[in-house]
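Written out below as structure tokens is the structure these notes cover.
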Amino acid sequence: MGPPPPLLLLLLLLLLTACATTATAAGDGCSTGCDLALGSYYVGPDQNVTYIGQLFGLGDNYRLLAPYNPGNSNFDFVKIGDRINVSFACQCLARPSDPAATYLAGSLSYAVNTGDTYITIADQYSNLTTADWLAATNTYPANNIPDVGTVNVTVNCSCGDDKVSDAYGLFLTYPLRDSDTLASVAATHGFSSQEQLDTIKKYNPGMDGVTGSGIVFIPTKDPGGNYRPLKSSGQPLSF
Ligand SMILES: *[C@@H]1O[C@H](CO)[C@@H](O)[C@H](O)[C@H]1NC(C)=O
Ligand SMILES: *[C@@H]1O[C@H](CO)[C@@H](O)[C@H](O)[C@H]1NC(C)=O
Ligand SMILES: *[C@@H]1O[C@H](CO)[C@@H](O)[C@H](O)[C@H]1NC(C)=O
Ligand SMILES: *[C@@H]1O[C@H](CO)[C@@H](O)[C@H](O)[C@H]1NC(C)=O
Ligand SMILES: *[C@@H]1O[C@H](CO)[C@@H](O)[C@H](O)[C@H]1NC(C)=O
């Protein structure tokens, strides 16, 4: 048998590169979502709980977030560098450009201010979403967002995975910053043994070894203090 023709080699190479760079998220190809996911919101300058509550669709009722923030005893006042847990429904959504390409995310309705771009909108969400992801999940072209109207702010989430564990059905979407890694965030959320870390890695393909950027999904307790098993993660939401 002679050497394979160069074209075949090239195709093989292209295929391998594609596999290596597109680590698929656990929610890709979903058919249903779940009623609840949490997000970890890093508080920046000039922000307060009222503003954060509004970003997540609570109007002036930010106190609805208090049960998810038991560690913050004075929830009316937050300061730069605090992390606030926000809550939203984790829906199975489809890309406008490809209805067959489904993914899991919260969809928050953001009222556009004059001059907003996907970059300025993403900035307010503290890296829970990105400008690129907003462009991919909204029908408006990036250079033509209407001054009046709403943009869907899409925040990725997880509902768990029966191929990984039935023990976890509620997840925290956590944007890495600075020296954060999947392992460090897992450890600060109670998953520090090697066995636990191996489980967490399965929920986060492609994120092992990444420092300071991107999103990781960490199993989290409900306000009652218990992990929610996969099977009872509430009413499925379909799209
Ligand atoms: C909360 O922050 C928003 C946006 O920065 C600001 O407009 C508002 O005045 C602040 N509210 C309070 C009570 O500080
Ligand atoms: C946010 O949720 C995580 C995971 O349940 C928890 O470890 C953390 O203490 C919560 N934050 C606050 C401020 O209570
Ligand atoms: C968001 O990510 C950028 C790039 O990684 C970083 O410079 C910025 O500090 C992050 N913002 C927050 C609020 O974490
Ligand atoms: C959200 O998930 C989609 C699909 O897996 C991915 O393409 C996108 O980059 C993710 N967005 C963010 C901000 O991580
Ligand atoms: C926002 O999402 C809704 C519901 O999926 C959709 O009908 C609407 O077209 C979206 N808006 C934009 C600007 O893409």
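What you see is a predicted model, and the numbers here were worked out from it, not measured in a lab. For ligands, and for the atoms within them, numbers begin at 1 and follow the listed sequence.
- With respect to atom 5 (O) of ligand 3, the closest heavy atom belonging to the protein is Gly212 O, 4.1 Å.
- Protein heavy atoms all stay at least 4.0 Å away from atom 9 (O) of ligand 1.
- At distances below 3.5 Å, at least one donor-acceptor pair connects side-chain atoms of Asn48 with backbone N or O atoms of Tyr51.
- Less than 4.0 angstrom separates some heavy atom of Asn156 from each of these atoms of ligand 4: 1 (C), 2 (O), 3 (C), 8 (C), 10 (C), 11 (N), 12 (C), 14 (O).
- Under the 4.0 angstrom criterion for non-hydrogen atoms, Thr50 is not in contact with ligand 1.
- Within the listing of ligand 1, atoms 2 (O), 4 (C) sit less than 4.0 angstrom from a heavy atom of Tyr51.
- In this pair, Tyr168 and Tyr203 present their aromatic rings perpendicular. The plane angle is above 60°, beyond the 30 to 60° band.
- The SG atoms of Cys90 and Cys34 sit 2.5 Å or more apart.
- The closest side-chain donor-acceptor pair between Asn152 and Tyr110, if any, does not fall under 3.5 angstrom.
- Against a heavy-atom cut-off of under 4.0 Å, Arg177 is close to the following atoms of ligand 3: 9 (O), 11 (N), 12 (C), 13 (C), 14 (O).
- Using a cut-off of 4.0 Å between Lys/Arg side-chain N and Asp/Glu carboxylate O, Arg228 and Asp35 are scored as salt-bridged.
- Counting heavy atoms closer than 4.0 Å to ligand 4, residue Arg95 contributes side-chain atoms (C-beta onward) but none from N, CA, C or O.
- Of the protein's non-hydrogen atoms, Asn48 ND2, 3.2 Å is the one closest to atom 12 (C) of ligand 1.
- For atom 2 (O) of ligand 3, the choice among Asp180, Val43, Asn127 with the nearest heavy atom turns out to be Asn127.
- Using a 4.0 Å threshold on non-hydrogen atoms, atom 14 (O) of ligand 3 counts as touching the protein.
- In terms of polar-atom proximity, Tyr42 is not counted as a contact of ligand 3, lacking any N or O under 3.5 Å from an N or O of the ligand.
- Between the side chain of Thr220 and the backbone N or O of Phe171, no donor-acceptor pair lies under 3.5 Å.
- A salt bridge links Arg83 and Asp180; the closest N-O separation between the charged side-chain nitrogens and carboxylate oxygens is under 4.0 Å.
- Between Tyr103 and Trp133, the two ring planes are perpendicular [angle over 60°; tilted spans 30° to 60°].
- Taking any N or O of Asp28, backbone or side chain, at least one lies under 3.5 Å from an N or O belonging to ligand 4.
- The one candidate from Val153, Val151, Thr129 that meets the side chain to side chain contact (heavy atoms under 4.5 Å, CB included) condition with Tyr118 is Val151.
- Less than 4.0 angstrom separates some heavy atom of Ser126 from each of these atoms of ligand 3: 13 (C).
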